[in-house]
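What follows is one structure encoded as structure tokens, with my remarks underneath.
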Amino acid sequence: MEKTYNHKEVEDRILSSWAENGKLKANIDKTKEPYTIILPPPNASGKMHTGNVLMIAIEDLLIRWKRMKGYEVLWVPGTDHAGFETQTTFERELRQQGKSRLDFDRETLYKKIWDFVKENRGLIENQIKRMGASVDWSRYTFTLDDKALEIVNNTFSRMESEGLVYRDDYMVNYCPHCGTTFADLEVRHVTRKDPLYYIKYGPFVLATVRPETKFGDTAIAVHPDDSRYKEYIGKEIEVEGLIGNFKLKVIGDAYVDPQFGTGVVKVTPAHDKNDYEAGKRHNLEIKQVIGLDGKLTNIAGPYAGMKVSEARKVVVEDLKNKGLLVKVDEEYEHAVSVCYKKGHDIEPTILPNWFIKVESLKKPAKEVVEKGEVKIFPKWREITYRRWMEEMHDWPISRQTVWGIRIPAWYSVEDNPSLKVTFLDKSGIVKTGLVSELLATSGLDEIKKGLQSLMAPKDAKYVISRESPGEDFLQETDTFDTWFSSGQWPLITLGYPNSEDFKYFYPTSVLETGWEIIRPWVSRMIMFGIYLTGKPPFKNVYLHGLVRALDGKKMSKSLGNVIDPEKYIEEYGVDTLRMGLISGTANGRDFTFPQDKILGYRNFANKIWNMGRFILMMKERYEGDVPQFESAKLDLKPEDKEILEKLSLTIKAVDENLEKYRFADAGEVIYQFMWHEVADLYIEKVKNREDKDVALSTLIHVYTTCLKLLHPFMPFITEEIWGIMTENKKGLLMNSPWPVEK
RNA sequence: GGGCUCCUAGCUCAGUUGGUUAGAGCAUUCGGUUUACAUCCGAAAGGUCACAGGUUCGAGCCCUGUGGAGCCCACCA
């Protein structure tokens, strides 16, 4: 053995011996109890971050432990198409080539992103392998694999036929210039100075930066406790406007800040997110005053057809002339949403989207956790889950992105003349308009071929089908929210509904993931699992904490505090990084990247390496063969009995802590025992023992048992030493049975 | 603004139904070591458990309040 442990040399070799002889592939063995984990799929085109390392370390620990305990273990690896994130990354590349997504038709863009993902997906897969993850690669699944598409489409179709799907208006970030919607994450917030206009509204004066939307006002809001206006709440007031007088209801709503402006707000549900929410709370009418072309609609009377910026000037001028403008604060600074592409103002707009009714789904999902059918560790995280289950409202599942699973709804062009389409025509020019009108100049095939997006009215007639129902049809261009498909991940990976895997391995044993996705992911998986199979998809949920940067803050590119795990793997080895991270994560709380501990476990790795080296040296000096501890009758000294007893206690403590997902405690127990009991005390005594046969035999037994206990935590070094100690005669450590306390 | 969590040794953190003298790793100081390991061994020092009240025979732990930190969600017309 080398004088120090050289992880670089060892890791590759051990990886290939696991790949050749490790029991990675799960079999359906009905004489054994299954133990299953589905790996939360990392972004297919991304690279490993510290959180992924922690996730893999914990899951591999559980898997290796249960495998050694004799379970039929299955750990399914997979990667995620990461809809929005990937498309953004790809578009960034496009931009460097001076292009944008709007230069391509939908199909071409989709293919280009596919190629991009294919080019990049090898990286994360290799990193998972390099971590020593003992996953079953024969069951590897990508979120856009055919079996995924099939299940997701079928689920949607079934939900639709059971009346759980509907189309309704939803407020989205719409950019009239780009003619498309943006996800919340695509919206930039910039601080800008705009005039704040104080306008007379009947008995009130209120402040607004958007006077041009006044034609869409359907209420006036004040804070319910504002004594200045309390008497008005619930009453209707008469307001003098630019296009005649009109009546507005006064509502009391806590979203109004009495400190701001005059404490009175005009409510425009069609063009402001807050107002929209308030409108829903108070059943207000929605008047769309800005069209998708960015011009005022007919509701604005004489102002119809004006662009927003133009209309604002004219409206202000007219208000002034009518004496309705009280004052203007020119220096008002506020945050404005703009599109990330060119900085156009975002126009919050109501558009038809696809929704799922969650009422019938969330009840049983809440109950399984309350009844303990699904146990959440740590328990205090249950609060997040329960609150979400109470608050959750219907789920908008459509996204206006290309990279994802396209919603399998088809619109007949003939039945839906008011379908609005955007497409690239034969000469590559973008055209937008009603399909009924565009068909006069372009053929339907041309539209189909160049289609970028379509917008169907909320009462459009549609057919649900994976295949085109006929020549006359255009498919919905929206894709499913990523969580709609990843919510079915356990079912997808296990081949729901008929595969043998599904019958044997479902429900899985534990879902291990970060707590920040309780709401979008964990809740959805439970809902879908129960909906489709009657059973939640896992028995336990273990939620690990977030690994924060060295400054105690969340890692982020903009703060420049991101820790690249590669650096640590390179310098200290996989085992050390894994063990270091595990030791930091005791209670599933967030924790700062434990740099010192990683150093400490590097020392530990070297310590156990040298213990092995020393034992080998003693073996060589011993004349003849050391008696086998299990078979030989040994005359044990009290110190031998003592160390065996402590070993037994250690096994017990490790098992108990792992059962409770107390990984750091379990690791600590082995660490203390190996270093401070076996190395510091017992080995020192063995050095001076006359009865070397007994001492050495016991020592070897204790040490190799420790290797087993430590293996799930630090798989590489333990496997390597095991091979040397056993002269490769006992097979791989990873396939060996777990020690039993005596 | 709503919510969750944290504040324990110089640093990173344990402390699992309240119960002797509050622990670990790293760092510090002192000593040791002619060979398993200087990535070692032994020992020491280091804590008003954020602060203020309360409950209790007894509080790091339970309750209330204050202050600070981190994160999630919603964001100012």
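Heavy atoms only: backbone and side chains are in, while hydrogens, waters and symmetry mates are out. These figures come from a predicted structure and were not determined experimentally. Below, chains carry the letters A, B, ... as their sequence lines are ordered, and counting in each starts from 1.
The side chain of A:T4 has B:U39 as its nearest neighbour among B:A36, B:U39, B:C76. Side-chain atoms of A:M611 lie closest to B:A36 of the nucleotides B:A14, B:A36, B:G70.
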Expected string for nucleotides 3-8 of chain B under the B/S/- scheme (protein heavy atoms, under 4.0 Å, primed atoms plus P, OP1, OP2 as sugar-phosphate) is -SSS--

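In this structure, A:K692 is not positioned above the aromatic face of A:Y622 in the sense of NZ or CZ being under 6.0 Å from the six-membered ring centre and within 45° of the axis.
One interatomic measurement links the two molecules: CE of A:M618 to C1' of B:U35, which rounds to 14 Å at whole-angstrom precision. Distance NZ (A:K3) to C1' (B:U39): 11 Å, rounded to an integer number of Å.
In terms of position along RNA chain B, the nucleotide closest to A:K597 lies nearer the 5' end than the nucleotide closest to the other residue of the pair A:A605 and A:K597.
Only one option out of A:W515, A:F377, A:Y661 pairs with A:Y542 in a ring-ring contact (aromatic ring centres under 6.0 Å, His included); it is A:Y661.
One finds no side-chain N or O of A:H676 lying less than 4.0 angstrom from the OP1 or OP2 phosphate oxygen of B:C40. At B:U16, none of the side-chain N or O atoms of A:K379 fall inside 4.0 Å of OP1 or OP2 (strictly under the cut-off).
Between B:U8 and B:G25, the two C1' atoms lie 15 Å apart (nearest whole Å).
No N or O donor and acceptor, one from the side chain of A:D596 and one from the base of B:U12, sit under 3.5 Å apart. A donor and an acceptor atom never sit less than 3.5 Å apart when one is taken from the side chain of A:K554 and the other from the base of B:C71.
No hydrogens or angles considered: a donor-acceptor pair under 3.5 Å links the side chains of A:T268 and A:K266. Judged purely by distance below 3.5 Å, without hydrogens or angles, the side chains of A:E512 and A:H544 pair a donor atom with an acceptor atom. Between A:Y201 and A:D217, the side chains place a donor N or O and an acceptor N or O closer than 3.5 Å (distance only, hydrogens not considered). A:R548 and A:T592 share a side-chain donor-acceptor pair at under 3.5 Å.
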